[in-house]
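Just so you know, these numbers come straight off a predicted model, no measurement behind them. Ligands are counted one by one from 1 in listed order, and the atoms in each one are counted from 1 as well.
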Amino acid sequence: MSALFHAKHVLITGGLGFIGSNLAIRLVREGARVTLLDSLKPEYGGNLFNIASIEDCVRINISDVRDEHSLSYLVKGQDFLFNLAGQTSHLDSMLDPVTDLDINCRAQLSILEACRHHNPKLRLVFASTRQLYGKPDYLPVDEKHPTRPVDVNGINKLAGEWYHLLYHSVYGIPTCCLRLTNTYGPRMRVKDARQTFVGIWINRLLQGEAFEVWGGDQLRDFTYVDDCIDALLLAATHPKALGRVFNLGGEERVSLDELAALLIEVNGGGEFVRREFPADRKKIDIGDYYSDDTLIRSELGWRPRLTLCEGFRHTLAYYREHLPKYL
Ligand SMILES: NC(=O)c1ccc[n+]([C@@H]2O[C@H](COP(=O)([O-])OP(=O)(O)OC[C@H]3O[C@@H](n4cnc5c(N)ncnc54)[C@H](O)[C@@H]3O)[C@@H](O)[C@H]2O)c1
């Protein structure tokens, strides 16, 4: 993949966040000229420490995707745009729906307008979410499954996705959307459960405290962040990716109880307690979910490379070393 990004100009919105920073590290390694745009709002996953190893090799722009003027300037001259900035908390989208609308919907349209006016040839990948399917009618969930979001975040991400597809079909902007499932790995937010429950589990575990599993029987699938980066890079370069939507998934589907037990096993100790789902979360929970990711495997040749066990091993090693930077 190296030659495809060498000396290319790449803009990553949400570039100081979990997935964005891991992507930036990979792209710097591949010789790209990377600009990171991020608002660094403390409630979200942005963290300057995420890019400590490459800070001298990237351009950082602390700004907001809601700022149309910044975007019009920043998209100029870029070869690729990885559009990852987002409000990611499902509960927050219910408590403050208008902010979610502004970031996950309205700003997405203005990013696309900036591309249309200033750089319609750049390859653009949008980080969508499996949340837009809602409670599955069948498992595994493929891309043909109806979209029936159970929270405001899912509705806005769905609109964001459609804007990207529309700007491909009407204006020819080369876009691709990936519907991510639970992604985990180094540099995710572990301070709390805003980004993913796996984060707070690891935080508690490494501090010698029991972590809470809400429910426990729900089935989920997981993508290790490096595998997610592989998919983002394929989505940005593969000719068959244009104007299309792909699910991401993983090899294993596990219940949350099984996942908790695996994490403890890989850590070599620890404990968890099972708790009833809090009422406000229960209402927006999607129940069992796992993806059918056959399409991205067959069309783009994507394959997850790490097992959950290996992914947890890398993740725990990272936070054993760096946990204080994330508290
Ligand atoms: N991590 C997952 O499991 C997962 C699952 C499905 C979808 N996604 C999507 O992937 C993308 C990246 O998620 P992540 O897990 O890296 O989360 P993250 O919170 O770590 O990254 C998002 C980044 O966007 C930045 N941001 C938020 N609002 C912004 C704004 N208005 N202007 C500029 N920057 C802003 C945040 O500061 C943060 O650094 C998101 O769009 C998310 O919806 C992630």
Side-chain angles (χ1 to χ4, degrees), residues 11-25 35-51 60-68 70-71 74 81-90 92-93 96 98-108 110-111 114 125-133 149 151-161 164 177-199 220-225 227-229 231-232 235 245-250 286 289 291 311 315 326:
L11 175 63
I12 307 176
T13 70
L16 297 175
F18 163 42
I19 299 173
S21 60
N22 281 287
L23 174 63
I25 291 166
T35 300
L36 308 175
L37 181 164
D38 204 292
S39 63
L40 266 189
K41 204 174 158 211
E43 291 82 8
Y44 303 154
N47 184 337
L48 273 170
F49 183 75
N50 280 344
I51 52 121
I60 299 173
N61 192 299
I62 305 299
S63 60
D64 199 296
V65 286
R66 288 169 286 186
D67 178 351
E68 293 167 23
S70 294
L71 261 301
L74 287 168
L81 165 54
F82 291 92
N83 189 11
L84 310 183
Q87 191 301 106
T88 63
S89 162
H90 301 296
D92 285 5
S93 81
D96 181 5
V98 176
T99 297
D100 194 274
L101 175 83
D102 283 344
I103 298 173
N104 289 329
C105 184
R106 192 180 186 287
Q108 302 309 313
S110 59
I111 289 169
V125 182
F126 175 63
S128 183
T129 171
R130 58 108 164 101
Q131 191 69 8
L132 46 80
Y133 292 117
D151 58 31
V152 167
N153 180 265
I155 294 174
N156 293 329
K157 290 293 278 191
L158 182 57
E161 192 185 283
H164 284 76
C177 303
L178 295 183
R179 291 179 179 164
L180 310 186
T181 186
N182 299 278
T183 311
Y184 73 101
R187 301 177 184 81
M188 66 186 168
R189 184 179 174 104
V190 299
K191 194 183 280 191
D192 48 38
R194 292 181 102 88
Q195 187 176 74
T196 161
F197 58 86
V198 181
R220 287 283 185 277
D221 56 358
F222 295 86
T223 312
Y224 184 67
V225 67
D227 292 329
C228 175
I229 303 309
L232 288 164
V245 171
F246 298 96
N247 282 345
L248 270 197
I286 57 168
Y289 175 91
S291 302
T315 309
Y326 289 87

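- Note: Tyr289 and Tyr133 have parallel aromatic rings, judged against thresholds of 30 and 60 degrees for the angle between ring planes.
- Scanning all heavy atoms of the two residues, the minimum distance from Pro186 to Tyr224 falls at CD-OH, 3.3 Å.
- At least one N or O atom of Asp64, backbone or side chain, sits closer than 3.5 Å to an N or O atom of ligand 1.
- Annotation: the span from Thr181 atom OG1 to Gln131 atom CD amounts to 10.0 Å, rounded to 0.5 Å.
- Considering both main-chain and side-chain atoms, Gly46 comes within under 3.5 Å of ligand 1 through a nitrogen or oxygen pair.
- Contact of the Asp67 side chain with the Leu71 side chain is not registered, since no non-hydrogen atoms from C-beta on lie closer than 4.5 Å.
- In terms of protein heavy atoms, atom 43 (O) of ligand 1 is closest to Lys157 NZ, 2.9 Å.
- Looking at Asp64 and Ser39, their side chains never bring a donor and an acceptor atom within 3.5 Å of each other.
- Using a 4.0 Å cut-off between heavy atoms, Ser63 contacts ligand 1 through its backbone alone, with no side-chain atom that close.
- At a heavy-atom cutoff of 4.0 Å, ligand 1 is contacted by the side chain of Arg66 but not by its backbone.
- With Asn156 as reference, Asp100 is the one residue of Asn104, Asp151, Asp100 to meet the side chain to side chain donor-acceptor pair (under 3.5 Å) rule.
- Side-chain contact of Arg130 with Asn182: a donor-acceptor pair under 3.5 Å is present, judged by distance alone.
- Under 4.0 angstrom from ligand 1, the non-hydrogen atoms of Gln195 all belong to its side chain.
- For ligand 1, the atoms lying closer than 4.0 Å to a non-hydrogen atom of Leu40 are 37 (O).
- Counting only heavy atoms from C-beta outward, the side chains of Arg106 and Val98 never approach each other to under 4.5 Å.
- Classified by interplanar angle (parallel below 30°, tilted 30° to 60°, perpendicular above 60°), the ring pair His164/Phe126 is parallel.
- The nearest protein atom to atom 23 (C) of ligand 1, hydrogens excluded, is given as Gly14 CA, 3.5 Å; this is a heavy-atom distance.
- The environment of Arg194 atom CZ is dense: over 12 non-hydrogen atoms of other residues, nucleotides or ligands sit within 6.0 angstrom.
- Proximity of Leu11 to Leu37: side-chain heavy atoms (C-beta onward) are separated by under 4.5 Å at one or more points.
- Within the 4.0 Å heavy-atom criterion, neither part of Arg130 lies near ligand 1.
- Between the side chain of Thr129 and the backbone N or O of Arg179, no donor-acceptor pair lies under 3.5 Å.
- When non-hydrogen atoms are compared, ligand 1 lies under 4.0 Å from neither the backbone nor the side chain of Thr196.
- Protein heavy atom nearest atom 21 (O) of ligand 1, with residue, atom name and distance: Gly17 CA, 3.7 Å.
- At the top of the distance list for atom 35 (C) of ligand 1, counting protein heavy atoms only, stands Ser39 OG, 3.2 Å.
- Contact check for Gln87 versus Tyr44: side-chain heavy atoms found under the 4.5 Å cut-off.
- Put simply, no part of Thr223 is less than 4.0 Å from ligand 1, judged by heavy atoms.
- At distances below 3.5 Å, not a single donor-acceptor pair connects side-chain atoms of Asn47 with backbone N or O atoms of Arg189.
- For the residues Gly160, Ala127, Ser128, Cys228, the heavy atom positioned nearest atom 7 (C) of ligand 1 is part of Ser128.
- Annotation: Thr88 places no N or O atom under 3.5 Å from an N or O atom of ligand 1; distance criterion only.
- Ligand 1 has no nitrogen or oxygen under 3.5 angstrom from a nitrogen or oxygen of Asn182.
- Ligand-side atoms of ligand 1 in range of Thr181: 3 (O), 5 (C), range being under 4.0 angstrom from any heavy atom.
- Considering backbone and side-chain atoms together, Leu37 places no N or O closer than 3.5 Å to any N or O of ligand 1.
- For ligand 1, the polar-atom distance check against Thr183 finds a nitrogen or oxygen pair separated by under 3.5 Å.
- Using a 4.5 Å heavy-atom cutoff, the side chains of Ile51 and Leu16 are in contact.
- Contact of the Val198 side chain with the Thr315 side chain is not registered, since no non-hydrogen atoms from C-beta on lie closer than 4.5 Å.
- Checking only distances, Leu16 never comes within under 3.5 Å of ligand 1, N or O to N or O.
- Note: no N/O pair closer than 3.5 Å links Gly20 and ligand 1 by distance alone.
- Only the side chain of Ile103 comes within 4.0 Å of ligand 1, judged by heavy-atom distances.
- Looking from atom 19 (O) of ligand 1 to the surrounding protein, the closest heavy atom is Gly45 N, 3.0 Å.
- Protein heavy atom nearest atom 16 (O) of ligand 1, with residue, atom name and distance: Ile19 N, 2.9 Å.
- When heavy-atom distances to ligand 1 are checked against a 4.0 Å cut-off, Asn47 has no atom that comes that close, whether in backbone or side chain.
- Regarding atom 39 (O) of ligand 1, its nearest protein heavy-atom neighbour is Asp38 OD2, 2.6 Å.
- Judged by distance alone, the side chains of Arg187 and Asn50 never bring a donor and an acceptor atom under 3.5 Å apart.
- Short contacts between ligand 1 and Tyr44, defined as distances under 4.0 Å to a heavy atom of the residue, involve ligand atoms 27 (C), 28 (N), 36 (C), 37 (O).
- The parts of Leu180 lying near ligand 1 are both backbone and side chain, judged by heavy-atom distances below 4.0 Å.
- Summary of contacts: the protein heavy atom closest to atom 40 (C) of ligand 1 is Leu84 O, 3.2 Å.
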